[in-house]
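A quick write-up on the structure given underneath.
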Amino acid sequence: MCPQSNESTASIFTNASIQAPLTQYRIDTGSYPTTAQGLAALWEAPAEHADSWNGPYIDAPDDVIDLWSRPYQYRFPGERNEYGARKYDIWSLGPDSDDPADDIGNW
């Protein structure tokens, strides 16, 4: 896969693909997963939401690994997306995990 294709796929994931599972989680539990719960809350019920959690919302932990074989990063409440604290931030560290300039996120 070419680098632009990897970056396009990461952008689609952060801006579209992950929205449905996170939105369904929010509908079921009343909130997006916290930063501490992370994306693991999509395949394993957090203790505080055991009664309202209706997942799994994704098939497996591998579903949140980017094309550079690193986990997608997640934060709620968000800081960089256009809705701020009302929504989450999700991003790939991009091709160079040490350079924030190439991060690919929902902002």
Side-chain angles (χ1 to χ4, degrees):
M1 218 178 233
C2 71
Q4 289 88 2
S5 181
N6 286 354
E7 291 169 9
S8 293
T9 300
S11 181
I12 290 167
F13 180 85
T14 60
N15 288 289
S17 301
I18 196 65
Q19 280 186 359
L22 283 166
T23 299
Q24 189 60 54
Y25 178 95
R26 180 184 55 81
I27 290 167
D28 291 346
T29 66
S31 179
Y32 291 113
T34 65
T35 302
Q37 293 165 336
L39 295 172
L42 297 177
W43 66 85
E44 185 175 316
E48 60 270 29
H49 294 300
D51 293 339
S52 58
W53 191 85
N54 291 312
Y57 301 94
I58 61 173
D59 292 332
D62 288 348
D63 291 347
V64 292
I65 302 295
D66 69 16
L67 293 165
W68 296 276
S69 300
R70 293 186 296 268
Y72 280 93
Q73 306 298 298
Y74 173 83
R75 172 179 44 229
F76 180 78
E79 297 173 4
R80 296 186 68 183
N81 73 81
E82 67 181 294
Y83 301 103
R86 294 182 298 147
K87 197 168 178 184
Y88 55 85
D89 292 340
I90 186 160
W91 69 100
S92 165
L93 296 172
D96 178 356
S97 64
D98 296 330
D99 182 5
D102 70 355
D103 289 358
I104 302 161
N106 66 331
W107 48 79

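For this chain, numbers begin at 1 and follow the sequence in order. These numbers come from the heavy atoms of this one structure, side chains and all, not from hydrogens, waters or symmetry mates.
Under the side-chain contact (heavy atoms from CB on, under 4.5 Å) criterion, P56 pairs with W43, W53, sequence neighbours left out. Among residues two or more places apart in sequence or in another chain, the ring-ring contact (aromatic ring centres under 6.0 Å, His included) test is passed with F76 by Y32. In terms of the side chain to side chain donor-acceptor pair (under 3.5 Å) criterion, T35 has no residue partners (sequence neighbours excluded). With sequence neighbours left out, Y72 forms a ring-ring contact (aromatic ring centres under 6.0 Å, His included) with F13.
Here the side chains of I90 and L39 are in contact, with some heavy-atom distance below 4.5 Å.
Considering every non-hydrogen atom in both P33 and G38, the closest pair reads CB-O, 3.5 Å. The two residues P46 and Q37 have their closest heavy-atom pair at CB-NE2, 3.5 Å.
Rounding to the nearest 0.5 Å places OG1 of T14 at 9.0 Å from CD of Q19. The CD1 atom of I65 lies 9.0 Å from the CG atom of D63; values are rounded to the nearest 0.5 Å. Taking OH of Y74 as the start and CG of L22 as the end, the distance is 5.5 Å to the nearest 0.5 Å. Put simply, CD1 on I27 and OG on S52 are 12.5 Å apart, with the number rounded to the nearest 0.5 Å. Taking CG of N15 as the start and CH2 of W107 as the end, the distance is 9.5 Å to the nearest 0.5 Å. Distance CH2/W68 to CG/L93: 9.5 Å, rounded to 0.5 Å.
The backbone N or O of S5 lies less than 3.5 Å from a partner atom in the side chain of T9, making a donor-acceptor pair. The main-chain N or O of L42 is never found under 3.5 Å from a side-chain atom of E44 such that the two would form a donor-acceptor pair.
Screening residues 76-87 for side chain to side chain donor-acceptor pair (under 3.5 Å), with sequence neighbours left out, gives N81-D89. Judged as a side chain to side chain donor-acceptor pair (under 3.5 Å), the pairs with a partner in residues 90-101 (not counting sequence neighbours) are, in order, D66-S92. Applying the salt bridge (Lys or Arg N to Asp or Glu O under 4.0 Å) test to every pair with at least one member in residues 10-32, sequence neighbours left out, gives no pairs at all.
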